Amino acid sequence: ENFFAANAIPSHRLAYERLAGEFAATTRALFTALGRPDAIVPVPRLRRQADRISEEMVRRFLTEMRASLGGGRAAEG
């Protein structure tokens with residue numbers, strides 16, 4: 001952001017979560033910001049692979065990692 005501001009270059013924020021959840025609308029907004037509101041929005045080639053099971057695995061990993069580090073504090077060495 002500092003680089004763009006220092007060089008007077010307009011920027012456009014793009015959040016992964018919004019892109020993953022609202023691909024067409026987010027991509028249209030990006031093309032509009034780039035001065036190409038007439039651009040064709042591509043069909044996403046990838047689909048989200050995470051599901052309820054993988055989300056639970058992440059929660060379990062984080063819980064176990066915090067426990068191994070003493071309740072979230074960094075291990076002393």
Side-chain angles (χ1 to χ4, degrees):
E1 289 181 6
N2 291 338
F3 172 81
F4 289 111
N7 292 285
I9 300 170
S11 63
H12 181 80
R13 281 185 178 248
L14 183 68
Y16 169 78
E17 292 79 8
R18 183 161 179 231
L19 183 63
E22 304 171 33
F23 182 82
T26 304
T27 305
R28 264 195 300 280
L30 177 60
F31 281 134
T32 298
L34 293 171
R36 293 294 314 273
D38 59 332
I40 297 171
V41 175
V43 175
R45 297 184 320 161
L46 303 174
R47 63 182 171 86
R48 183 179 171 137
Q49 294 179 347
D51 60 12
R52 180 183 54 80
I53 294 170
S54 58
E55 295 294 333
E56 178 55 35
M57 289 174 67
V58 169
R59 279 191 291 278
R60 182 177 172 185
F61 170 79
L62 292 174
T63 299
E64 291 175 3
M65 183 59 70
R66 285 186 196 108
S68 72
L69 294 175
R73 287 173 277 145
E76 295 181 16

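Note that the structure is predicted; figures quoted are calculated from it, not measured.
- Under a hydrophobic clustering in which Ile, Leu, Val, Met, Phe, Trp and Tyr are joined whenever their side-chain heavy atoms come within less than 4.5 Å, directly or via other members, Tyr16 and Val41 fall into different clusters.
- Summarising the geometry of Pro10 relative to Phe4, their closest heavy-atom pair is O-CD2, 4.4 Å, with the distance given to 0.1 Å.
- Evaluation of the salt bridge (charged side-chain N to carboxylate O under 4.0 Å, His left out) rule for Glu55 yields Arg48 as partners, not counting sequence neighbours.
- Considering CG of Asp51 and CD of Glu56, their distance stands at 11.5 Å, rounded to 0.5 Å.
- Cluster membership check: Ile53 does not share its hydrophobic cluster with Val58, using side-chain heavy-atom separations under 4.5 Å among Ile, Leu, Val, Met, Phe, Trp and Tyr.
- For the pair His12 and Ala29, the tightest heavy-atom approach, listed with the atom from each and the gap, is CE1-O, 3.8 Å.
- Counting only distance, with no hydrogens or angles, the side chain of Thr26 and the backbone of Arg18 share a donor-acceptor pair below 3.5 Å.
- No side-chain donor-acceptor contact under 3.5 Å links Asn7 to the backbone of Ile9.
- Atom CZ of Arg45 sits about 9.5 Å away from atom CZ of Phe23, to the nearest 0.5 Å.
- With rounding to the nearest 0.5 Å, the separation of OG1 in Thr27 from CD1 in Ile40 is 13.0 Å.
- Within 6.0 Å of atom CZ in Arg60, 12 or fewer heavy atoms from other residues, nucleotides or ligands are found, so the atom counts as exposed in its surroundings.
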